Structure formats: structure tokens, C-alpha cells
Amino acid sequence: MAMDKEFIKAFSEVIREEVTRKNEVYLEGVGRFEFEHQKQFQKQYDSGRVVMMPPKDTITFIPEN
């Protein structure tokens, strides 16, 4: 069990490192992880309040069909 947790932790760190370097990570039969930059945008709430949302970088997973 401890080895499983260590593997998952190491695996996720490798994916995070590669994707933040803007490299795509592809796992055959599973899918791919990609870097995605979201630009700043305005968000309006139901109350009418408008807020500027800051830009952010995310990791997107796209499953294989």
C-alpha cells in the first residue's frame, strides 16, 4: 500500500512538472494531460456584481475515446 501511494505521488509530480513546462503528457489507452492558460475575464453574478477574474494556468485532462 505505501508503495502505491509513493508511486501515485511521484507520478503526479512528474506530470505536473512536464505540463507546467508546457509539454503534453500522453498515456496510451488513458488520455493526455495538457497545459492550458486561461485569460483574464469579467464574471457577472446573479446579483449584478461584476468581478474581474485573474488569469490562471491549469492542467487539463483529455480522456482517450
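These numbers were taken from a predicted model, which means no experiment stands behind them.
- Between E64 and V30, the closest side-chain pair of non-hydrogen atoms is not below 4.5 Å.
- Annotation: Q44, atom CD; neighbour count of heavy atoms from other residues, nucleotides and ligands within 6.0 Å is above 12.
- For E28, the CD atom is loosely surrounded, since the number of other residues' heavy atoms within 6.0 Å does not exceed 12.
- Considering I62, T60, V19, N23 in turn, V19 is the only one that fulfils the side-chain contact (heavy atoms from CB on, under 4.5 Å) rule with F33.
- Contact of the Q40 side chain with the P55 side chain is registered, since non-hydrogen atoms from C-beta on lie closer than 4.5 Å.
- Not one N or O on the side chain of E36 forms a donor-acceptor pair closer than 3.5 Å with the backbone of I59.
- In this structure, the side chains of D57 and F35 come closer than 4.5 Å at one or more pairs of heavy atoms.
- Taking a cutoff of 4.0 Å between a charged side-chain nitrogen and a carboxylate oxygen, R21 and E18 qualify as a salt bridge.
- Across all non-hydrogen atoms, the minimal contact from L27 to F11 is CD1-CZ, 3.6 Å.
- Counting all heavy atoms, side chain and backbone alike, V51 lies closest to Y45 at CG2-CE1, 3.6 Å.
- M52 contributes atom CE, which lies 5.0 Å from atom CD of Q42 (distance to the nearest 0.5 angstrom).
- Rounding to the nearest 0.5 Å gives a distance of 10.0 Å between NZ of K43 and CZ of R49.
- In the hydrophobic clustering of this structure, I15 groups with I8; members are Ile, Leu, Val, Met, Phe, Trp, Tyr whose side-chain heavy atoms approach within less than 4.5 Å, directly or through other members.
- With rounding to the nearest 0.5 angstrom, the CD atom of Q38 is 5.0 Å from the NZ atom of K56.
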